[in-house]
2 protein chains.
Amino acid sequence: MNPLIHELFQKSRFLSQEVNNTLKEYNLFASQWSVLYCIQRHKEMTLTQIWKYLNVEAPTITRTVNRLAELGWIDICSSKDKREKIVKLSEQALQQFPAIKAAMTEFEDRMVDSLSDDEEAQMLELLQKIK
Amino acid sequence: MNPLIHELFQKSRFLSQEVNNTLKEYNLFASQWSVLYCIQRHKEMTLTQIWKYLNVEAPTITRTVNRLAELGWIDICSSKDKREKIVKLSEQALQQFPAIKAAMTEFEDRMVDSLSDDEEAQMLELLQKIK
DNA sequence: AGTATATACTTAACTAGCTAAATAAAATTC
DNA sequence: GAATTTTATTTAGCTAGTTAAGTATATACT
């Protein structure tokens with residue numbers, strides 16, 4: 001295996017685990033947080049908007065959104081277009097959101113702390129070249 | 001989400017999918033190939049050696065190894081130490097191995113083609129700084 | 001209006017990672 | 001040598017991604 005690709009996979013798994021660790025005290029998983037985060041940013045979203053935004057397939061979002069609703073993080077409303085579902089943060093989620101976001105920001109900063117701003121920019125650029 | 005971390009996750013998923021596409025014609029998945037590859041390199045391995053080498057948890061390897069045995073890619077032998085299992089490539093796997101490896105090498109080269117050798121080295125270095 | 005096509009979401013089934021807990025064999029300790 | 005601890009693997013159950021196929025509603029076409 002090409003060492004670069006290998007290392008990229010390793011770091012990706014490492015970072016997922018670290019994200020999960022950070023979110024543990026809020027009883028959230030990484031992908032659940034990413035959905036909450038993007039809903040909050042957009043105030044409300046349809047499932048299609050979410051999976052297109054996060055660049056994953058629709059069934060992944062169906063499942064995660066249902067789980068989040070089950071856990072009380074989001075409310076699912078029906079739309080004028082009866083095919084689609086509109087999703088927004090619950091009261092509980094709105095209340096907890098700032099604390100979780102702060103913890104995540106703190107974590108992310110710590111993760112890239114070993115890189116200078118220059119290196120961070122450089123790496124982003126290099127990653128974007130892979131396609 | 002920090003853009004660097006986000007992009008890293010995106011590329012990791014993208015590359016997994018591409019690896020799976022490449023392996024499709026051999027009826028293999030990425031993680032199955034990574035197990036076959038490391039067994040081939042070591043001639044034979046115990047499960048513990050495999051999961052330590054690949055840096056994943058034991059149950060992941062138990063499952064993948066069983067699937068590979070089921071599909072006829074590997075043979076599972078018992079060891080003097082009756083706790084452990086020794087695993088090696090089947091005849092069929094040994095025969096197909098070179099072609100698959102060639103396809104994967106070709107794919108990997110194509111993937112990092114957009115990076116110069118310098119950039120590739122640089123990126124590897126930057127990735128390794130994240131911990 | 002009625003049919004065909006497109007869109008939104010779901011269901012099922014698979015790979016693939018994880019943790020926690022169980023089992024069995026080996027090694028260590030007293 | 002018996003009891004304890006460690007090691008190797010497994011089982012169960014969760015998140016999280018995928019593809020393929022299904023359902024229901026909207027939209028477009030003739």
Side-chain angles (χ1 to χ4, degrees), chain A residues 8-24 26-36 44-71 73-74 76-87, chain B residues 8-24 26-36 44-71 73-74 76-87:
Chain A
L8 204 148
F9 284 148
Q10 294 282 335
K11 287 307 182 221
S12 175
R13 270 197 309 112
F14 168 72
L15 286 170
S16 301
Q17 282 176 260
E18 292 295 312
V19 171
N20 281 332
N21 275 339
T22 304
L23 291 171
K24 203 169 200 171
Y26 305 101
N27 290 306
L28 277 173
F29 286 90
S31 69
Q32 295 172 340
W33 170 247
S34 72
V35 169
L36 288 184
E44 57 177 49
M45 289 176 102
T46 67
L47 298 209
T48 298
Q49 285 173 330
I50 298 173
W51 65 258
K52 284 190 175 161
Y53 183 82
L54 294 176
N55 196 30
V56 298
E57 298 302 320
T60 306
I61 294 307
T62 294
R63 196 213 281 131
T64 301
V65 157
N66 285 340
R67 189 82 183 101
L68 283 171
E70 216 171 274
L71 295 169
W73 290 98
I74 61 178
I76 301 177
C77 319
S78 53
S79 165
K80 200 184 63 182
D81 181 338
K82 282 179 186 165
R83 289 171 306 179
E84 65 185 19
K85 290 178 170 181
I86 293 171
V87 138
Chain B
L8 205 148
F9 284 148
Q10 294 283 334
K11 286 308 181 217
S12 175
R13 267 194 315 112
F14 168 72
L15 286 171
S16 300
Q17 282 177 261
E18 292 295 311
V19 171
N20 281 332
N21 275 340
T22 305
L23 291 170
K24 203 169 200 173
Y26 305 101
N27 291 305
L28 277 173
F29 287 90
S31 67
Q32 294 172 342
W33 170 249
S34 72
V35 169
L36 288 184
E44 57 177 50
M45 289 177 101
T46 67
L47 298 209
T48 297
Q49 285 174 329
I50 297 173
W51 64 258
K52 285 191 174 160
Y53 182 82
L54 294 177
N55 196 29
V56 298
E57 297 302 320
T60 304
I61 294 306
T62 294
R63 195 213 283 131
T64 301
V65 156
N66 285 340
R67 188 82 181 102
L68 284 170
E70 215 171 275
L71 295 170
W73 290 97
I74 60 178
I76 301 176
C77 320
S78 54
S79 164
K80 200 185 65 185
D81 180 337
K82 283 178 187 167
R83 290 171 305 179
E84 67 185 17
K85 290 178 168 180
I86 292 171
V87 138

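FYI, side chains are in, hydrogens and waters are out, and symmetry mates aren't considered; it's all heavy atoms of this structure. Just so it is clear: chains get the letters A, B, ... in the order the sequence lines come, proteins before strands, and each one is counted from 1.
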Between atom [atom1] in [X] and atom [atom2] in [N], what is the gap in whole Å?
{"X": "I86(B)", "N": "dT9(D)", "atom1": "CD1", "atom2": "P", "result": "9 Å"}
{"X": "D81(B)", "N": "dA27(C)", "atom1": "CG", "atom2": "P", "result": "6 Å"}
{"X": "E18(B)", "N": "dG17(D)", "atom1": "CD", "atom2": "C1'", "result": "15 Å"}
{"X": "L68(B)", "N": "dA16(C)", "atom1": "CG", "atom2": "C1'", "result": "13 Å"}
{"X": "Y53(A)", "N": "dA8(C)", "atom1": "OH", "atom2": "C1'", "result": "21 Å"}
{"X": "L15(A)", "N": "dA16(D)", "atom1": "CG", "atom2": "P", "result": "15 Å"}
{"X": "I50(B)", "N": "dG17(C)", "atom1": "CD1", "atom2": "P", "result": "13 Å"}
{"X": "M45(B)", "N": "dA8(D)", "atom1": "CE", "atom2": "C1'", "result": "15 Å"}

query = dT10(C) phosphate, OP1 or OP2: any side-chain N/O from K85(A) under 4.0 angstrom?
reply =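 Yes, within the criterion.
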key: OP1 or OP2 of dC9(C) under 4.0 Å from side-chain N/O of T48(A)   =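 Affirmative; the distance criterion is met.
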task = Could you tell me whether a side-chain N or O of S16(B) sits under 3.5 Å from a main-chain N or O of S12(B), the two making a donor and an acceptor?
result =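 Answer holds: yes.
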message = Within the 4.0 Å heavy-atom criterion, would you say S31(B) contacts the bases, only the backbone, or no part of the nucleic acid?
response =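 It contacts sugar-phosphate atoms only.
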inquiry  = Measuring from the side chain of E84(A) (C-beta onward, heavy atoms only), which nucleotide among dT11(D), dT15(C), dC9(C) has the closest atom?
reply    =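 Given the options dT11(D), dT15(C), dC9(C), the side chain of E84(A) is closest to dC9(C).
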key: K82(A) side chain, from C-beta outward: closest of dT25(D), dA26(C), dT15(C)   =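 It is dT25(D).
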Protein N or O to nucleotides 18-22 of chain D N or O, pairs below 3.5 Å:
residue, atom, partner, partner atom, Å
dT18(D), OP1, R13(B), NH1, 2.9
dT18(D), OP2, E57(A), N, 2.8
dT18(D), OP2, T60(A), OG1, 3.4

ask   = Which atoms form the tightest heavy-atom contact between V19(B) and A30(B), and what is the distance?
value =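 Heavy atoms of V19(B) and A30(B) come nearest at CG1-CB, 3.6 Å.
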inquiry  = Restricting to non-hydrogen atoms, name the atom on E44(B) and the atom on Q49(B) that form the minimum distance, rounded to 0.1 Å.
reply    =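 Closest approach of E44(B) to Q49(B): O-OE1, 4.3 Å.
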key: Euclidean distance, Y53(A) OH relative to S34(A) OG, rounded to 0.5 Å   =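 Going from OG on S34(A) over to OH on Y53(A), the span is 10.0 Å.
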Heavy-atom side-chain proximity of W51(A) to P59(A) below 4.5 angstrom =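 Not touching, per the 4.5 Å side-chain cut-off.
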query = So, do N55(B) and R13(A) sit near enough that their side-chain heavy atoms are less than 4.5 Å apart?
reply =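 A side-chain contact under 4.5 Å exists here.
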message = Any N or O donor-acceptor pair under 3.5 Å from the base of dT7(C) to the side chain of R83(A)?
response =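 Under the 3.5 Å cut-off, the side chain and the base do form a donor-acceptor pair.
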inquiry  = Could you check whether E84(A) and S79(A), counting side-chain N and O atoms only, form a donor-acceptor pair closer than 3.5 Å?
reply    =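 Judged by distance alone, the side chains do pair up.
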